[in-house]
Structure formats: structure tokens, C-alpha cells
J.: 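Dropping a structure here in C-alpha cells format, bear with me for questions.
In what follows, every heavy atom counts, from backbone to side chain, and hydrogens, waters and symmetry copies are set aside.
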Amino acid sequence: ELDALVAPKLKERITKLVEGDSTKFIIDFEEVTHINSLAMGILRGKLKVVKEMGGDIKLIKLNEHIKTIFEMIGLFEIYETEDEAVANFK
């Protein structure tokens, strides 16, 4: 689950990678069965930071429930495979 316990760790990890000049991220949701609003807010905030630096965050392997949530938000590109996501970075 991507919940209140895990979300801060995700934020910290992405922050450290961005500070190291990483701007292109692929987040694999294969083992994620639930995402809460805190985690969604963190991802939206990090997407904004990364895009301002010329990068992007792409999501892969989402279950149907989580995919529907992200499609409603409309901010993230969603792919089935890592290869598809990599191929669509600019």
C-alpha cells in the first residue's frame, strides 16, 4: 500500500534523487493495491518539481482501481511496461 506510512519515504527518496539531478522517473505500481490522498499529493507535488526541471514521472503496471484514479486526475502518463514508458520520455 502507498499510504501515510510509506508516502513520506517516497517523498524523501524522490527528493534525494532530484537533488542528485535525476529528473526522469518511472514508478512501478505492480505491488501497490491502495494509494491514499497523502501519497497522491506527494506525487503531484513531485511531478510539478520534476517538470519544472524538464523531466517527468511516468507510472507503470497500475491495477484497474488505481489506474482509474490517476486517469481521473489526468496529470500522469500511464503505461503497461517500463519499455513503453522509457520510449515516451522526451
J.: Find the distance between NZ (Lys58) and CD1 (Ile78) and round it off to the nearest 0.5 Å.
T.: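 Separation between the atoms: 11.5 Å.
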J.: Atom NZ of Lys67 and atom CD1 of Ile69: how far apart are they, to the nearest 0.5 Å?
T.: 13.5 Å
J.: Search all heavy atoms of Val18 against all heavy atoms of Met53 and return the closest pair with its distance.
T.: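 Reported closest heavy-atom pair: CG1-SD, 3.4 Å.
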J.: Answer yes or no: is there a donor N or O on one side and an acceptor on the other, between the side chain of Asp83 and the main chain of Val86, under 3.5 Å?
T.: no
J.: When you compare the side chain of Glu12 with that of Lys16, does any pair of heavy atoms fall below 4.5 Å?
T.: yes
J.: In terms of hydrophobic clustering (I, L, V, M, F, W, Y; side-chain heavy atoms under 4.5 Å; direct or indirect links), are Val6 and Leu59 co-clustered?
T.: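 Looking at the clustering, Leu59 is in the same group as Val6.
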J.: Between Leu43 and Leu17, is there shared hydrophobic-cluster membership here, with clusters defined by ILVMFWY side-chain heavy atoms closer than 4.5 Å?
T.: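 Per the 4.5 Å side-chain linkage, Leu43 and Leu17 are co-clustered.
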J.: Flag yes if Leu75 and Tyr79 sit in one hydrophobic cluster, no otherwise; membership is Ile, Leu, Val, Met, Phe, Trp, Tyr, and two members link when side-chain heavy atoms are under 4.5 Å apart.
T.: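 Leu75 and Tyr79: separate clusters.
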J.: Between NZ of Lys61 and CD of Glu31, what distance do you get to the nearest 0.5 Å?
T.: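 Here the rounded value is 9.5 Å.
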J.: When rounded to the nearest 0.5 angstrom, what distance separates OG1 in Thr81 from CG in Asp28?
T.: 10.5 Å
J.: Transitively linked via ILVMFWY side-chain contacts under 4.5 Å: Val50 with Ile60?
T.: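 The answer is no; the residues belong to distinct hydrophobic clusters.
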J.: What's the separation between atom CG in Asp56 and atom NZ in Lys24, rounded to the nearest 0.5 Å?
T.: 9.0 Å
J.: Linking I/L/V/M/F/W/Y whenever their side-chain heavy atoms sit closer than 4.5 Å, directly or via other members, would Leu38 and Ile14 fall into one cluster?
T.: no
J.: Give the minimum heavy-atom separation between Phe70 and Met40, together with the two atoms involved.
T.: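 Where Phe70 meets Met40 most closely, the heavy atoms are CZ-SD, 3.5 Å.
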J.: Among Thr23, Ile26, Leu47, Val49, whose side chain to side chain contact (heavy atoms under 4.5 Å, CB included) with Ile57 holds?
T.: Leu47
J.: Tell me whether Asn63 contacts the main-chain N or O of Val32 through its side chain, where contact means a donor paired with an acceptor under 3.5 Å.
T.: yes
J.: My understanding is that only residues two or more places apart in sequence, or in another chain, count here; which of them pass side chain to side chain donor-acceptor pair (under 3.5 Å) with Glu82?
T.: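 By the side chain to side chain donor-acceptor pair (under 3.5 Å) rule, Glu82 matches no residue at all.
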J.: How close do Phe89 and Phe25 get, heavy atom to heavy atom, and via which atoms?
T.: CZ-O, 3.5 Å
J.: Under the rule for side chain to side chain donor-acceptor pair (under 3.5 Å), what residues qualify as partners of Thr15, not counting sequence neighbours?
T.: Lys46
